[in-house]
Amino acid sequence: DQIETIKNAAEELRKNYSRKICEKLVLLVKSSIKALAKHFQNTLSASDNVKSSPVFVLSTLLVIPNIEVDPSVEEIQKMLTAAGQIILSVNKGVTRWKVSDEKENDDKQLVADYSAMVTKTESKRKLYVSEIVEPDLIPEKKNSFYKLVCENKEVVKCQMTLSNCLSGFQLELSGFKASLQNFSELWTVDRDNFIVKMEEEKPNLREYEDVLQRYRNVKAVLDKEIDFHEMGIITISTIDFKAELSMEIQQWNNMIVNA
């Protein structure tokens, strides 16, 4: 009876210990994911208060008829969501308290499982050259806290927040793209049709010069466009975009001069 009492007390101690550990893990995961999401939320307003070093630098590109950025906001959001999953996966390596024999057997099984996974990955690499399959950063141990932490409502809520943390920036980016639409004439107007119509109107030398001057003015405005737009911890570069538009202007000038 005394031995049974000790066993029951030990089991109760293990349960209480596991519950406390799970609570601490949930707290750590919540605080980490919250901090990551907060770091990327309200990026524009953050730039008004504190000068921050950029985490991502996006390049503005002309993908006719649209203006895009590379990497896209969706790609950055996927990176952040993946970072949240990595934070969560740390719990795969934290197991509940067990007796020493069980732990030793589990450790041996973990080594065997990981070796088998690496071997399987190498086989896949040989069979599918175009697809690189990497093993999990943290293999899941038996009786880990991973599932318990994943299913915690507060953790799920934090993950949802992280998966939408760039929604505000998406709105600001739309406004930025709209401001560049002032140059849209350069790629939306058909050059061949424009030249044909201009020749039909038989403009005089002064009118030709006015058309050329219009594109010189566009080039002058383009040159004044700043190279980097800072939106908190995200910076958008217009260097490649300006180079593409400069080429478009040059092509317009060449066609008008040779018309």
Side-chain angles (χ1 to χ4, degrees), residues 29-89 132 137 154-191 214-252:
V29 169
K30 279 171 49 183
S31 60
S32 298
I33 295 180
K34 275 186 178 180
L36 182 61
K38 185 178 180 180
H39 194 59
F40 284 88
Q41 284 177 327
N42 304 320
T43 55
L44 187 63
S45 60
S47 64
D48 297 333
N49 301 323
V50 181
K51 185 76 172 179
S52 302
S53 300
V55 176
F56 293 104
V57 178
L58 284 57
S59 295
T60 310
L61 302 174
L62 176 59
V63 185
I64 297 174
N66 301 317
I67 298 172
E68 304 293 347
V69 292
D70 182 44
S72 67
V73 178
E74 291 75 16
E75 289 173 322
I76 296 176
Q77 185 64 76
K78 286 181 180 178
M79 294 179 199
L80 296 178
T81 302
Q85 289 297 325
I86 292 174
I87 292 173
L88 193 57
S89 69
I132 299 177
L137 291 176
E154 291 298 318
V155 171
V156 173
K157 184 178 178 180
C158 289
Q159 287 180 294
M160 292 285 290
T161 301
L162 180 61
S163 65
N164 293 288
C165 67
L166 292 182
S167 57
F169 175 71
Q170 185 73 272
L171 295 175
E172 300 301 332
L173 180 61
S174 297
F176 167 75
K177 290 181 179 180
S179 69
L180 297 180
Q181 288 292 336
N182 295 330
F183 300 103
S184 62
E185 178 187 353
L186 295 173
W187 66 84
T188 57
V189 176
D190 186 278
R191 280 195 286 265
R214 189 174 71 188
Y215 287 101
R216 293 192 195 103
N217 292 341
V218 173
K219 182 66 165 64
V221 174
L222 179 64
D223 289 341
K224 291 180 181 179
E225 180 71 30
I226 60 177
D227 291 339
F228 296 97
H229 292 257
E230 296 183 358
M231 297 183 181
I233 54 178
I234 296 179
T235 295
I236 304 177
S237 169
T238 59
I239 294 176
D240 293 338
F241 180 77
K242 289 169 64 177
E244 288 184 81
L245 292 198
S246 294
M247 292 179 61
E248 292 287 334
I249 293 172
Q250 186 60 48
Q251 290 176 12
W252 271 104

For this session: For residues 216-238, pull every pair meeting ring-ring contact (aromatic ring centres under 6.0 Å, His included), keeping only residues two or more places apart or in separate chains.
Result: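 Sorted result for residues 216-238: F176-H229.
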Problem set entry | M79 CE: over 12 foreign heavy atoms closer than 6.0 Å |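 Yes - once you tally the heavy atoms of other residues, nucleotides and ligands closer than 6.0 Å, there are more than 12.
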Using a 3.5 Å distance criterion without hydrogens, assess whether the side chain of [X] forms a donor-acceptor pair with backbone atoms of [Y].
X    : Y    : value
Q77  : L162 : yes
D223 : A220 : no
T238 : I226 : yes
S72  : E75  : yes

Where [X] and [Y] come nearest, the two heavy atoms and their spacing:
X    : Y    : answer
G84  : I33  : O-CD1, 4.1 Å
K242 : L222 : CE-O, 3.4 Å
A37  : C165 : O-CB, 3.9 Å
I76  : P71  : CG1-CG, 4.1 Å
S237 : V57  : CB-CG1, 4.4 Å
N66  : E68  : CB-OE2, 3.4 Å

Could you measure the distance from the [atom1] atom of [X] to the [atom2] atom of [Y]? Nearest 0.5 Å is fine.
X    : Y    : atom1 : atom2 : value
S179 : Q181 : OG    : CD    : 9.0 Å
E172 : M231 : CD    : CE    : 6.5 Å
D227 : I239 : CG    : CD1   : 4.5 Å
D240 : D70  : CG    : CG    : 9.5 Å
L80  : N164 : CG    : CG    : 11.5 Å
E185 : I249 : CD    : CD1   : 10.0 Å

Would you indicate whether the side-chain heavy atoms of [Y] and [X] approach each other to under 4.5 Å?
X    : Y    : result
I234 : L173 : no
E244 : L61  : yes
E225 : L245 : no
H39  : V55  : yes
Q85  : Q159 : yes
I67  : W187 : yes

Problem set entry | Lys/Arg N to Asp/Glu carboxylate O, R191 vs E248, below 4.0 Å |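 Salt bridge flag = yes for E248 with R191.
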For this session: Look at the aromatic rings of W252 and Y215 and report parallel, tilted or perpendicular, splitting at 30° and 60°.
Result: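 Correct class here is parallel.
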For this session: Check the pair Q170, E74 against side-chain contact (heavy atoms from CB on, under 4.5 Å), reporting the backbone distance first and the verdict last.
Result: CA-CA 9 Å; Q170 185 73 272; E74 291 75 16; 3.4 Å; yes
